[in-house]
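None of the values given here were measured: they were computed from a predicted structure. Proteins get letters first, then strands, A, B, ... in listed order; numbering begins at 1 in each. Quick note: numbers below take in every heavy atom, side chains included, and nothing from hydrogens, waters or symmetry partners.
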2 protein chains.
Amino acid sequence: MASTIYERIVEDIRQKINKGIYAPGEMIPSENSLCREYGASRITIRKSLALLAEGGFIYSVPGKGSFVRKPNNDFHILHFNEMDIIKGHVDKIVLLGVKIIVPTGELIRQLKINKNQKVVVIRRLFYSKKDPFAYDVKYLPYDKCKPIVEEVIQYATFPELVSLSTPLFSLRKELTIGAENAQGEEQKALKVEKGHSLLVVEQKLFSDEDKPVGWGKIYYRGEYCHLRAVSSFNERVVKA
Amino acid sequence: MASTIYERIVEDIRQKINKGIYAPGEMIPSENSLCREYGASRITIRKSLALLAEGGFIYSVPGKGSFVRKPNNDFHILHFNEMDIIKGHVDKIVLLGVKIIVPTGELIRQLKINKNQKVVVIRRLFYSKKDPFAYDVKYLPYDKCKPIVEEVIQYATFPELVSLSTPLFSLRKELTIGAENAQGEEQKALKVEKGHSLLVVEQKLFSDEDKPVGWGKIYYRGEYCHLRAVSSFNERVVKA
DNA sequence: TAGTGGTCTAGACCACTAG
DNA sequence: TAGTGGTCTAGACCACTAG
């Protein structure tokens with residue numbers, strides 16, 4: 001049972017939306033009407049409406065009113081972290097190598113750097129028992145002032161690696177998830193036959209000013225790894 | 001430039017967090033201190049803090065104070081919709097068939113039904129130009145009262161299919177994303193060689209009471225389809 | 001006991017909408 | 001012009017925390 005006035009109001013309106021009493025696209029009563037209906041102050045009503053808006057149930061249009069949002073079940077929360085995904089069955093991480101290289105065309109494009117900007121390449125292999133099951137390659141613009149400490153690199157997530165130059169709070173990340181048949185360096189590293197199905201997660205990190213600060217791919221043996229996501233609809237209101 | 005008082009306060013505190021003036025785990029000044037510091041009322045300060053909390057920057061502990069959250073770059077927003085993903089290059093959807101079957105063991109487990117509960121199976125094939133590139137199978141508990149209209153089924157998303165029995169607002173969805181080598185019915189339907197890498201998205205839908213109301217898998221030819229996700233950190237505050 | 005965040009009220013002014 | 005949501009204020013009481 002909700003213990004506050006605004007929680008009771010949220011629950012009541014949420015149920016009216018669910019039952020279709022307030023239908024998608026339609027206007028719900030004005031704040032002043034709701035004040036009278038629930039015998040609450042406008043601030044309390046507004047607190048309830050703010051929660052409903054956060055939960056994706058309604059939206060407000062100044063000068064007009066609050067409207068029921070059309071349900072959108074497309075949004076999902078994906079919890080991804082190259083260390084976590086394998087939690088429970090990662091036994092060993094091997095740092096295959098750290099190199100400083102002249103950027104390839106692909107790297108110049110991805111990291112938006114010029115030819116003279118050297119790049120750090122980090123290659124790692126994740127093991128479950130004795131089998132390698134994930135091969136990870138990351139590229140970072142090389143900065144002479146930033147020391148490369150192998151012990152740190154070995155166990156770091158991508159955001160942690162770039163955090164030396166960019167505060168974690170302002171980091172933006174883009175993931176691209178796909179499936180590929182194993183070939184080239186990843187096939188050799190993972191010791192799978194050619195064509196083995198791999199789940200590939202490409203990560204691209206941006207600084208506060210939207211400058212790329214890291215790019216990389218991680219290749220998981222398909223049978224070892226799945227990503228899980230849950231629809232985010234009304235997530236927040238349910239929590240409240 | 002922020003036009004309201006609370007937006008200016010949010011921006012100021014956000015920068016202090018970014019610069020490390022307010023460090024992760026540490027307490028920020030109390031609401032009353034902030035009232036004095038910014039010359040604003042407590043409600044305005046609280047509005048700012050609420051936005052910062054929504055954005056994941058801080059959290060509050062009653063009786064103690066507000067604290068800077070440790071950065072978490074693991075959360076991502078994934079926009080998934082079996083129709084949208086292929087937007088731009090889907091030319092045809094073929095409804096391969098709609099059948100009513102006695103549930104297999106797997107279906108009994110997934111949908112938490114008993115042996116006597118029949119199940120509707122829907123199979124579709126998505127084409128780009130002349131090539132099939134996605135094979136979709138969905139299972140729904142069969143309900144005699146709900147008519148099966150083929151024209152509706154052909155173009156519906158999974159939530160739309162179950163919306164006949166469950167309001168869309170209360171729907172919860174779980175996705176499991178993986179990579180598999182093509183085999184069996186999906187290999188035949190997609191007309192790819194055996195072992196071809198497929199991106200597989202499993203969808204499971206739950207009603208308000210957490211009862212499974214749909215289960216299915218969609219198999220994408222790896223070279224045709226990628227899922228994109230972006231880190232959700234401070235998404236909301238940036239918008240504001 | 002002093003201080004903290006959480007809840008709630010009454011009241012004011014604003015820009016905007018729509019008849 | 002009447003009504004709407006957005007912003008902001010001053011003030012009150014509460015349960016909880018920590019010395």
Side-chain angles (χ1 to χ4, degrees), chain A residues 1-14 16-17 22-70 236-240, chain B residues 1-14 16-17 22-70 236-240:
Chain A
M1 183 56 199
S3 58
T4 61
I5 299 173
Y6 70 80
E7 280 174 325
R8 278 192 289 275
I9 297 172
V10 164
E11 215 21 65
D12 194 65
I13 295 179
R14 210 176 74 89
K16 281 180 177 160
I17 291 173
Y22 297 153
E26 277 181 20
M27 205 171 93
I28 65 169
S30 74
E31 295 181 354
N32 286 321
S33 307
L34 293 169
C35 286
R36 286 190 294 275
E37 182 177 343
Y38 293 102
S41 76
R42 191 165 160 230
I43 285 187
T44 301
I45 294 295
R46 281 182 62 78
K47 168 104 183 172
S48 306
L49 297 185
L51 283 172
L52 288 163
E54 246 186 72
F57 294 96
I58 63 167
Y59 63 95
S60 302
V61 181
K64 293 176 92 175
S66 293
F67 299 82
V68 179
R69 200 180 279 284
K70 294 200 176 65
R236 281 168 190 269
V237 171
V238 168
K239 269 192 212 155
Chain B
M1 183 57 197
S3 59
T4 61
I5 300 173
Y6 70 80
E7 280 175 324
R8 278 191 289 275
I9 298 172
V10 164
E11 213 24 63
D12 193 66
I13 296 179
R14 210 177 73 90
K16 281 179 176 161
I17 291 172
Y22 297 152
E26 277 181 18
M27 206 172 93
I28 66 170
S30 75
E31 294 180 355
N32 285 321
S33 307
L34 293 170
C35 287
R36 287 190 293 275
E37 182 177 343
Y38 293 102
S41 76
R42 192 167 159 230
I43 285 188
T44 301
I45 295 296
R46 281 181 63 77
K47 167 101 182 175
S48 307
L49 297 185
L51 283 171
L52 288 163
E54 244 186 73
F57 293 97
I58 63 167
Y59 62 95
S60 303
V61 181
K64 295 175 93 172
S66 292
F67 300 83
V68 179
R69 200 180 280 283
K70 294 195 176 71
R236 279 166 191 272
V237 172
V238 168
K239 271 192 214 159

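Interatomic distance, CG of A:L34 versus CD1 of A:I9, reported as 8.0 Å (0.5 Å rounding). Taking OG from B:S30 and CZ from B:R36, the interatomic distance works out to 6.5 Å, rounded to the nearest 0.5 Å. The CG atom of A:L51 lies 6.0 Å from the NZ atom of A:K47; values are rounded to the nearest 0.5 Å. Once rounded to the nearest 0.5 Å, the distance linking CD of B:E31 with CD1 of B:I43 reads 10.5 Å. To the nearest 0.5 Å, atom CD1 of residue A:I13 and atom OH of residue A:Y38 are 4.5 Å apart. Within the model, atoms OG of B:S48 and CD of B:E11 stand 11.0 Å from one another, a figure rounded to the nearest 0.5 Å.
The side chain of A:T44 places no N or O atom within less than 4.0 Å of a non-bridging phosphate oxygen (OP1 or OP2) of C:dT7. The shortest distance between the side-chain N/O atoms of B:K47 and the OP1/OP2 oxygens of D:dC8 is not below 4.0 Å.
Between the side chain of B:E37 and the backbone N or O of B:S33 there is no donor-acceptor pair closer than 3.5 Å. Panel note: side chain A:S60, backbone A:S66; no donor-acceptor pair is recorded below 3.5 Å. Using modelled atom types, one side-chain atom of B:E7 and one backbone atom of B:S3 make a donor-acceptor pair closer than 3.5 Å.
Closest approach of A:G65 and A:M27 over heavy atoms only: CA-SD, 4.2 Å. In this structure, B:A23 and B:V68 approach most closely via the heavy-atom pair O-CB, 3.3 Å.
Between the OH atom of A:Y38 and the P atom of C:dT9 there is a distance of 14 Å, rounded to whole Å. Between the CZ atom of B:F67 and the P atom of C:dT4 there is a distance of 11 Å, given to the nearest Å. Across the protein-nucleic acid pair, A:Y6 atom OH and C:dT9 atom P stand 13 Å apart, rounded to whole Å. Nucleotide D:dG6 holds its P atom 13 Å from the CD atom of B:E7, rounded to whole Å.
Comparing D:dG6, C:dG5, D:dT9 by their closest approach to the side chain of A:R46 singles out D:dG6.
Of the residues in residues 22-35 of chain A, none lies under 4.0 Å from DNA chain C by heavy-atom distance.
A rotation axis mapping the C1' atoms of four pairs onto the next four is fitted at both ends of the helix from C:dT1-D:dA18 to C:dA18-D:dT1 over five pairs, and the angle between these axes is 0° to 10 degrees.
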**Prompt:** Which letter, B, S or -, goes with each nucleotide of nucleotides 10-19 of chain D from 5' to 3', with contact meaning a protein heavy atom under 4.0 Å?
**Reply:** B-B---BSS-
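At a threshold of 4.0 angstrom between heavy atoms, the contacts of B:L49 with the nucleic acid are absent.
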